K.L.:
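Here it is: the structure, laid out below.
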Amino acid sequence: MKEINLKRKEKGLLPKKAKCLIIGVPNVGKSTLINKIVGRKVANVGNKPGVTKNLNTLRINDKIDLVDSPGILWPKLDNDELALNLASMGIIKEEILPIDKVAVHILKKLDDSYKDILAKELGIKEFDIDDIVNMYEIISKYKNIPFKDGEADYDRVSTLILNLIKNETIKNITFD
């Protein structure tokens, strides 16, 4: 802004502040970053996508304004793998894809790259994609989730799997 403000000064105009836009996909910490930069809570945060609904300009000092933005995604997710990865990490809302489909995707990805986490957090030592019912039963027993009508409570187990990532019990992982 130095050059711009020198030209403005030559024309007898007041200096302009820099406006810095913080952008990214939903639920990656844009508002949290702003709060850290400012040193206090000036932007609302939440552990789910969609907390920031509008552009919010926040005065940092007499030289800079930060602009907090809602998360931005491309309009159509044509790639199922990409959509499931984003849903797994809480970047797109849980309501967009079936929770059980996302949970099974997480199990597959953990089996592919993080077998130790799969065993430690969910009690699965040998993952079998062809017997997902058994995988859910193993998780239910390991996590003491009561069975419903003689079967694993699939909704509760799926929610548990998603929450392991959402609540950062499992962290420092990537599915790409």
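Please read all numbers here as calculations on a predicted model, not as lab measurements.
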K.L.:
Please round to the nearest 0.5 Å and tell me the distance separating atom OH of Y154 and atom CD1 of I132.
P.N.:
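So the OH of Y154 and the CD1 of I132 are separated by 10.5 Å.
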K.L.:
So how far is it from S31 OG to D68 CG, rounded to the nearest 0.5 Å?
P.N.:
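Rounded to the nearest 0.5 Å, the OG-CG separation comes out at 3.5 Å.
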K.L.:
Under 4.5 Å between side-chain heavy atoms, hopping through other hydrophobics if needed: is there a path connecting I99 to L82?
P.N.:
yes
K.L.:
Would the number of heavy atoms belonging to other residues, nucleotides or ligands and lying under 6.0 Å from CG of L21 be above 12?
P.N.:
yes
K.L.:
Can you tell me how far NZ of K143 sits from CG of L164, rounded to the nearest 0.5 angstrom?
P.N.:
5.5 Å
K.L.:
Determine whether L58 and V67 make a side-chain contact, defined as any pair of heavy atoms from C-beta on separated by less than 4.5 Å.
P.N.:
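No, their side chains stay 4.5 Å or more apart.
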K.L.:
Would a hydrophobic clustering, with Ile, Leu, Val, Met, Phe, Trp and Tyr connected at side-chain separations under 4.5 Å, put I64 with L6?
P.N.:
no
K.L.:
Counting distance only, does the side-chain N/O of N5 pair as donor-acceptor with the main-chain N or O of K16 below 3.5 Å?
P.N.:
yes
K.L.:
Check the pair L122 / L160 against side chain to side chain contact (heavy atoms under 4.5 Å, CB included), numbers first and verdict last.
P.N.:
CA-CA 10 Å; L122 298 168; L160 170 103; 3.8 Å; yes
K.L.:
Checking the side chain of K141 only, and the main-chain atoms of P146 only, is there a donor and an acceptor separated by less than 3.5 Å?
P.N.:
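Looks like no, no N/O pair under 3.5 Å.
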K.L.:
To check you understand the geometry: which heavy-atom pair defines the closest contact between K17 and M1, and what is its length?
P.N.:
O-CE, 3.8 Å
K.L.:
Take D100 and S158 through the test side-chain hydrogen bond (donor to acceptor under 3.5 Å, both in side chains) and record every step on the way to the result.
P.N.:
CA-CA 5 Å; D100 58 324; S158 292; 5.9 Å; no
K.L.:
Side chain to side chain contact (heavy atoms under 4.5 Å, CB included) between N134 and D128: does it pass, once the steps are laid out?
P.N.:
CA-CA 8 Å; N134 185 45; D128 183 359; over 6 Å; no
K.L.:
Taking the side chain as every heavy atom from C-beta outward, state whether I138 and Y136 have any atom pair closer than 4.5 Å.
P.N.:
no
K.L.:
Which of these, K115, K108, K109, sits in a salt bridge (Lys or Arg N to Asp or Glu O under 4.0 Å) with D111?
P.N.:
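The residue from K115, K108, K109 that satisfies salt bridge (Lys or Arg N to Asp or Glu O under 4.0 Å) with D111 turns out to be K115.
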K.L.:
Quick check: do M89 and I173 have side-chain heavy atoms less than 4.5 Å from each other?
P.N.:
yes
K.L.:
To the closest 0.5 Å, what do you measure between CG (N163) and CD (E168)?
P.N.:
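Spacing of CG (N163) from CD (E168) equals 12.0 Å.
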K.L.:
Quick one, L84 and K101 - any side-chain contact, counting heavy atoms below 4.5 Å?
P.N.:
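Yes, close enough: below the 4.5 Å cut-off.
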K.L.:
Rounded to the nearest 0.5 Å, how far does CG of D80 lie from NE2 of H105?
P.N.:
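If we round to the nearest 0.5 Å, H105:NE2 and D80:CG are 10.0 Å apart.
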K.L.:
Run the side chain to side chain contact (heavy atoms under 4.5 Å, CB included) test on E137 and E151 for me, step by step, so that the C-alpha distance in whole Å, both residues' side-chain angles and the decisive distance to 0.1 Å come before the verdict.
P.N.:
CA-CA 7 Å; E137 288 174 358; E151 294 184 332; 5.6 Å; no
K.L.:
Is F147 linked to Y142 within one hydrophobic cluster, defined over Ile, Leu, Val, Met, Phe, Trp and Tyr using a side-chain heavy-atom separation of less than 4.5 Å?
P.N.:
no
K.L.:
Decide yes or no for V28 and V25: does some side-chain heavy atom of the first lie under 4.5 Å from some side-chain heavy atom of the second?
P.N.:
yes
K.L.:
Look at atom CZ of R8 and say whether more than 12 heavy atoms of other residues, nucleotides or ligands are closer to it than 6.0 Å.
P.N.:
yes
K.L.:
For E121 versus I170, what's the shortest heavy-atom pair and its separation?
P.N.:
CG-CG1, 4.0 Å
K.L.:
Mark yes or no for whether N167, through its side chain, and T169, through its backbone, hold a donor-acceptor pair below 3.5 Å.
P.N.:
no
K.L.:
Using a strict cut-off of less than 4.0 Å between a Lys/Arg side-chain nitrogen and an Asp/Glu carboxylate oxygen, indicate whether D65 and K19 qualify as a salt bridge.
P.N.:
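Answer for the salt bridge query: no.
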K.L.:
Using the rule that Ile, Leu, Val, Met, Phe, Trp and Tyr join whenever any side-chain heavy atoms are under 4.5 Å apart, tell me whether L110 and I129 fall into a single cluster.
P.N.:
yes
K.L.:
How about K7 and L13: do any of their side-chain heavy atoms sit closer than 4.5 Å?
P.N.:
no
K.L.:
Looking at L97 and A83, what are the two nearest heavy atoms and their distance?
P.N.:
CD1-O, 3.7 Å
K.L.:
Is there a path of hydrophobic side-chain contacts, each under 4.5 Å between heavy atoms of I, L, V, M, F, W or Y residues, that connects I96 with I106?
P.N.:
yes
K.L.:
Locate the shortest heavy-atom distance separating S69 from L55; write the atom from each residue and the value.
P.N.:
CB-CD2, 3.5 Å
K.L.:
Does F175 reach the side chain of I165, with side-chain heavy atoms less than 4.5 Å apart?
P.N.:
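In short, these two side chains touch, coming nearer than 4.5 Å.
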K.L.:
From L66 CG over to K30 NZ, what is the distance, rounded to the nearest 0.5 angstrom?
P.N.:
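It is 13.5 Å, given to the nearest 0.5 Å.
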